[in-house]
Amino acid sequence: MIAPSDATVVVVTWNGAHLLPACLDSVLPQGARVVVVDNASSDDTLRLLADRYPTVEVIRSQTNTGFAGGVAQALQAVTTPVIALLNNDATVREGWLRSLLDELDSPEVAGVSSKLLLPDGRVNSIGGFVTRDGYGHDTGFGSPDDEQLPTSSDIMYACGAAAAFRTAAVREVGGIDPRFFLYYEDVDLSWRLHLAGHAVRYAPGAVAVHQHSASTGAGSLLHTYYTERNRLATLVRCATLGLVMRAVLRYPLTTLSVALFESPAKALRRVRAYLDFLRWLPQLVAARRRIVVRVSRHEVQRRFLTG
């Protein structure tokens, strides 16, 4: 059985001093090593950590590297068999870590997603799914918590807001790419774990309450930029060439529709995301060639892509 002391919980924060006390007060009693990556905060984060949380290890970044960059930094320092990720705007309930570790006791399982609830008690996520056109979504979003939800089951991806992974498996498949900055780094990692032959699962007993997008704002232009750019990046690295081509070629048409019928500002942000994706493309193609593939891309998509 994996013990809580075999896990390192990583919390990435940027100007989140107002969020950290609730987060850390909930996770410290779980028994794991706790590491906070501070992304060059200008608020009282470092003073708070020094004064109130002397047992928490702090990694200080000189610049804001985003969630993905923070996790990538922490991964270099993790020596435990398990790395757990927790957003700074989330709190965990008693037994959260134990439930994640119980799922990881199965040797085929490399990643486990929590049951994330919104502050009003509705479901934020029980892991995620990817549609056949390559969009990632939280499973169960907005559903009442007492609604019939799946028990422990295999899923497409573990939501990075509250999840645990086998450290060795994460390193085997190439770790976390810091260039993702925000969003889709969990989809990309889980997809690569599937390609390498590992399972990703949902643990209903691992409950966390998440102030969804408290740091970045769902629907913001920042959200638009990173989700659109990183979705395409994930597909290039992980998906079949057919899906990649459909997504890349359809993107300009969708952006034109957004400009005409939704929001010119959002369309401009989509254009910027697309251009930055194209500049990134040679490195993404090179990364695709290095990915560990024991289960074919076609088979992963057949099993897990929906809609």
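More than 12 heavy atoms of other residues, nucleotides or ligands shown are found within 6.0 angstrom of CD on E262. Enclosure of atom CZ in R171 by more than 12 non-hydrogen atoms of other residues, nucleotides or ligands within 6.0 angstrom is indicated. The number of heavy atoms from other shown groups lying within 6.0 Å of CZ (R98) is above 12. Dense packing is recorded around CD of E108, with more than 12 heavy atoms of other residues, nucleotides or ligands lying under 6.0 Å away.
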V12 vs V71, side-chain contact (heavy atoms from CB on, under 4.5 Å): CA-CA, chis, key distance, verdict: CA-CA 7 Å; V12 179; V71 173; 4.0 Å; yes
Take Y184 and W191 through the test ring pair (Phe, Tyr, Trp, His ring centres under 6.0 Å) and record every step on the way to the result. CA-CA 10 Å; Y184 271 84; W191 204 324; 9.4 Å; no
For a side-chain contact (heavy atoms from CB on, under 4.5 Å) check, start with the C-alpha distance between V173 and L189, then their side-chain angles and the critical distance, and finish with the verdict. CA-CA 8 Å; V173 301; L189 172 59; 3.9 Å; yes
Under the criterion ring pair (Phe, Tyr, Trp, His ring centres under 6.0 Å), I'd like the reasoning laid out for Y226 against Y183: C-alpha separation, chi angles, the key distance, then a yes or no. CA-CA 6 Å; Y226 283 111; Y183 305 120; 7.1 Å; no
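A donor-acceptor pair is defined here as one N or O able to donate and one able to accept, closer than 3.5 Å; such a pair exists between the side chain of D38 and the backbone of S41. At distances below 3.5 Å, at least one donor-acceptor pair connects side-chain atoms of S99 with backbone N or O atoms of G205. Checking side-chain atoms of Q301 against main-chain N and O of T240 turns up a donor-acceptor pair under 3.5 Å. A distance-only check finds no donor-acceptor pair linking the side chain of D186 to the backbone of C159 [under 3.5 Å]. One N or O on the side chain of D6 and one on the backbone of A3 form a donor-acceptor pair closer than 3.5 Å. Of the possible donor and acceptor atoms, one in the side chain of H194 sits under 3.5 Å from a partner among the backbone N and O of M156. A donor-acceptor pair is defined here as one N or O able to donate and one able to accept, closer than 3.5 Å; no such pair exists between the side chain of S113 and the backbone of A158. Side chain of T255 to main chain of R270: no donor-acceptor pair is present (N/O by atom type, distance under 3.5 Å, no hydrogens or angles). Side chain of D138 to backbone of S125: no donor-acceptor contact under 3.5 angstrom is found.
In this structure, R229 does not pair ionically with E185, as no charged nitrogen and carboxylate oxygen lie closer than 4.0 Å.
Test T45, D89, T91 against L19 for side-chain contact (heavy atoms from CB on, under 4.5 Å) and you get one pass: D89. Put simply, the residue from R237, R290, R192 that forms a salt bridge (Lys or Arg N to Asp or Glu O under 4.0 Å) with D177 is R237. Just one residue in the list L20, L24, V36 forms a side-chain contact (heavy atoms from CB on, under 4.5 Å) with N88, and that residue is L20.
Applying the ring pair (Phe, Tyr, Trp, His ring centres under 6.0 Å) test to pairs two or more places apart or on separate chains, none has a residue in residues 52-97.
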